[in-house]
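Labels below follow one simple rule: chain letters A, B, ... track the order of the sequence lines, proteins then strands, and each chain is numbered from 1.
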Amino acid sequence: MAGFLREVARRIFAEELRNSNLAFRDGDDLNQYAPQYLLTPTGARCNRVFLVGTLTERDDIGGDTEYWRGRVIDPTGGILVYAGQYQPEAAQALTNIEPPAFVAVVGKPNLYQTEDGSVIISVRAEAIQKVDDSTRNRWILETAKRTYERLEALKNISLASPEFSTADKPIAVSPAIDAERALAHYKTDTMHYKQMVLRALSSLRADIGNDNAKFSSKDVTIEVPRTPETGHLKVKSESTGKSRSKSTKGASLDSWPEAEADDDVETFHIGKKS
Amino acid sequence: MRKLVDQISARLKEQKIEEPDSEIEAQLKKLIDDFRVPESEAKRSVLNHFLKKHGIPLARTKSQKVKIAEITDPGIWVDLEAKVIDLWEPQNETISQTGLVGDGTGAISFVKWSKAALPNVEIGKSYFLKNVVTDAFQGRFSIKLHSRSQIEPLDHEIKTQTETAVMQEMKIAEISEPGKWINLKAKVVQLWDSNSETISQAGLVGDETGSIRFVKWTKADLPELEEGMSYLFRNVITDEFQGRFSIKLNKNSQIEELKEEIEIGTQSVEFNGTFVDIQKGSGLIKRCPVCKRSLAKGICGEHGKVDGIYDLRIKAVLDDGRRVQDILVNRDATEKLVGISLEEAKQMAMEALDHEVVRSLIETKLMGRYFIVVGPRVDRYIMVETINDSLPVKVNEIDDLMSLIEVD
């Protein structure tokens, strides 16, 4: 009676998405048509994600057929987005968008395990669209909210109480179960993700404060960090220049995670186009 | 903690056992704080400890007799006197019987596992269900009958809520919880093809406050409903799936045809989200001149090959990160939103020799952007009456969220 239900597009910051490494199929693992999910450290079960950020580069890395790869940056880091012949509209869009530009991406998270065992998360785009900065701002606020909600859910679960399940019990699908599973798998450091959310929000606040104060926005590319280094520099200069009331924040802003390790995976995906 | 201690102490007093609260609390603390035992388990284990100490057999205290309305926690062992209201087709072999039981306080679904090897229950008969365990799924409770449960037929009959209480006549918009027996005056808006033998009819009924899905079970053996007719539905039960309510017509339900016609009204709802899909059938479409349905390759499902009338509309999915919402945007609103008139759309399509260009245009204008839509909800769609861009993020929105997170 239920029929087909479309999967919700989860809001996840790039850093959290990249820290994810637990993928599973719903229910019966053997059923190849069961939807596949990626469980993130804060317990978001995603079959689909929606992200907005700055497209900083895009290349056709395919051979005979086009295979586009783009890099989308949000305040917490970058994520690779792919579109090939099976995502013609997204590939077309990537072709036409000249970076840097704000883009919105709807897509499926993809987990790839390299030969040395490390896991790389990318997004296979269903749709890519150029958007304006107000959409990008709205997304950061919304993603911060959703992430915070998930962190709250994690707080209510204690790791040492694995629900002992009877064989009778059908696998329940609920945020609480996802949170529990995430905690058990990732031993999630909720403080870390809380800090991530706060950093994203303070950088957004700085951006908006900028606009409101009618600061010259002659150089749009400056507005968004292309790498964590420039981003961090920018935020720092603003927080000193504008003398934000919450001065304690300066310290946490300095501690951007060093997590750009996927820069050197140029070719990993070509052999395994699927 | 205090609550747990009181509960345990009360249960002990029932057995005429007096234990100092401090003793109970110390035991609980040890389990919960030092050994991270979940509260319900800790309570059970502390209780058992004291009972054992006083030589009370455990079996007696394993489950306690409750009324259905008192079931508020999953994983609790209970005894229940109830009548079988309905039986459903089990969905797999591990389930021997499943259905609905009720008492004077409400109704609850039950599952009897095949492994339990328990006798079968019959609709309309009352039973004493012993040692059953409560369960919750998406906020709704059920009971599970397994190998340690017992089923004893009762001599007396348990009156269910439907029989004891005067049925409440409700309006559709007032339906806010599942598992409630109600009467409803409504008109059949739409009948859908049933895709299962267990369902005799399914569709949409409406009254002046809104519309709701209904399912009429084959086993209910009720008269056929006709589209456009108004009925009084007696003793139907509300149900919920993923936040949307429906009503189920089962063996206990009755249907009376109404002379008066029910006016269908709708209530506006608001949804705030981003466009994640502009679906096929958006943009420039053709509709059947007779029934206004959209045509597929110039053919109407009802009237065959017809000369279609052009129309402009958007059929799309909004998403707020928690839920998805299907929406339909009519020609007027589409023209304003996309900034293109029907005539211009036709022109565009003609030049490109392809209707799809209009959908692509809509996609470039809307995908990934945030909007607030308002309109009546009809089945899974919001029929959009107004659609506006979400306002730009304001500094105080960020500050509010940041201070909320920081104090946490």
Side-chain angles (χ1 to χ4, degrees), chain A residues 1-3 5-11 48 50 52 89 93 103-106 126-135 137-146 148-149 151-152 155 158-161 163-164 166-170 172-174 194 197-198 201-202 204-205 208-209 211-212 246, chain B residues 35-39 41 75 94 111 113 115-116 133 135-139 144 146-147 195-196 199 202 213 215 241-242 246 273-278 317 319-324 326 360 363-370 380 389-395 397-399 401-402 404-406 408:
Chain A
M1 197 57 222
L5 274 168
R6 186 186 166 93
E7 292 281 349
V8 172
R10 305 290 167 193
R11 297 349 187 217
R48 175 176 282 128
F50 173 65
V52 180
E89 288 181 11
V103 291
V105 180
V106 178
E126 295 174 301
I128 300 179
Q129 193 61 56
K130 196 170 164 176
V131 294
D132 56 11
D133 60 341
S134 101
T135 300
N137 295 345
R138 176 67 52 201
W139 181 84
I140 294 173
L141 184 69
E142 183 186 54
T143 303
K145 264 187 203 156
R146 297 288 169 271
Y148 174 61
E149 285 162 6
L151 286 170
E152 286 294 286
K155 253 182 28 185
S158 75
L159 180 54
S161 64
E163 177 127 329
F164 70 90
T166 55
D168 299 343
K169 208 165 177 179
V173 180
S174 77
K194 202 169 127 175
V197 172
L198 284 173
L201 285 172
S202 49
L204 171 63
R205 197 189 188 288
I208 291 184
D211 290 350
N212 287 0
K246 289 155 185 156
Chain B
F35 291 93
R36 309 246 170 256
V37 174
E39 286 192 359
E41 282 300 318
T94 59
V111 169
W113 302 111
K115 272 196 205 157
V133 66
D135 195 7
F137 180 64
Q138 300 193 330
K144 302 273 151 57
H146 45 85
S147 51
N195 46 12
S196 153
I199 294 169
R213 278 166 183 253
V215 169
F241 183 66
Q242 307 213 327
S246 63
T274 180
F275 278 92
V276 292
D277 195 16
I278 309 291
V317 184
D319 183 317
D320 67 359
R322 286 188 285 215
R323 287 187 302 139
V324 293
D326 291 282
S360 298
E363 240 170 28
T364 56
K365 297 249 178 179
L366 302 183
M367 274 299 280
R369 278 175 59 192
Y370 289 86
R380 48 185 256 254
D389 269 292
S390 280
L391 295 171
V393 173
K394 288 192 215 68
V395 173
E397 284 182 87
I398 306 171
D399 288 346
L401 183 59
M402 283 180 79
L404 181 70
I405 299 174
E406 273 166 351
D408 201 45

Exercise. Would Arg11(A) and Thr274(B) count as a side-chain contact (heavy atoms from CB on, under 4.5 Å) if you check the C-alpha gap in whole Å, the side-chain angles of each, and the deciding distance to 0.1 Å?
Worked result: CA-CA 11 Å; Arg11(A) 297 349 187 217; Thr274(B) 180; 3.2 Å; yes
Seminar exercise, completed: Closest heavy-atom pair, Gly368(B) versus Thr135(A), reported as atoms and distance to 0.1 Å, is O-CG2, 3.1 Å
Problem set entry | Where Met402(B) and Ser202(A) come nearest, the two heavy atoms and their spacing | CE-CB, 3.8 Å
Once rounded to the nearest 0.5 Å, what's the spacing between atom [atom1] of [X] and atom [atom2] of [Y]?
X         : Y         : atom1 : atom2 : value
Leu401(B) : Arg205(A) : CG    : CZ    : 12.5 Å
Lys394(B) : Ile208(A) : NZ    : CD1   : 10.0 Å
Ile405(B) : Leu151(A) : CD1   : CG    : 8.0 Å
Ile140(A) : Ile398(B) : CD1   : CD1   : 8.5 Å

Problem set entry | For Val8(A), side-chain contact (heavy atoms from CB on, under 4.5 Å) partners two or more places apart | Arg10(A), Asp319(B), Val324(B)
Problem set entry | All side-chain contact (heavy atoms from CB on, under 4.5 Å) counterparts of Lys130(A), not counting sequence neighbours | Ile97(A), Ala101(A)
Exercise. Relative to chain B, which of Thr143(A), Ile128(A), Leu141(A), Val131(A) shows the most heavy atom pairs under 4.5 Å?
Worked result: Leu141(A)
Sub-4.5 Å side-chain heavy-atom contact between [X] and [Y]:
X         : Y         : result
Asp277(B) : Arg6(A)   : yes
Glu126(A) : Met367(B) : no
Tyr370(B) : Glu142(A) : yes

Measure distances from [X] to the heavy atoms of chain A and classify the residue's part below 4.5 Å as side chain, backbone, both or neither.
X         : value
Arg380(B) : neither
Val111(B) : neither
Ile278(B) : neither
Ser196(B) : neither

Exercise. Looking at Asp326(B), Thr364(B), Leu404(B), which has the largest count of heavy-atom pairs under 4.5 Å with chain A?
Worked result: Thr364(B)
Problem set entry | Side chain / backbone / both / neither for Arg146(A) at chain B, heavy atoms under 4.5 Å | side chain
Problem set entry | Side chain / backbone / both / neither for Val197(A) at chain B, heavy atoms under 4.5 Å | side chain
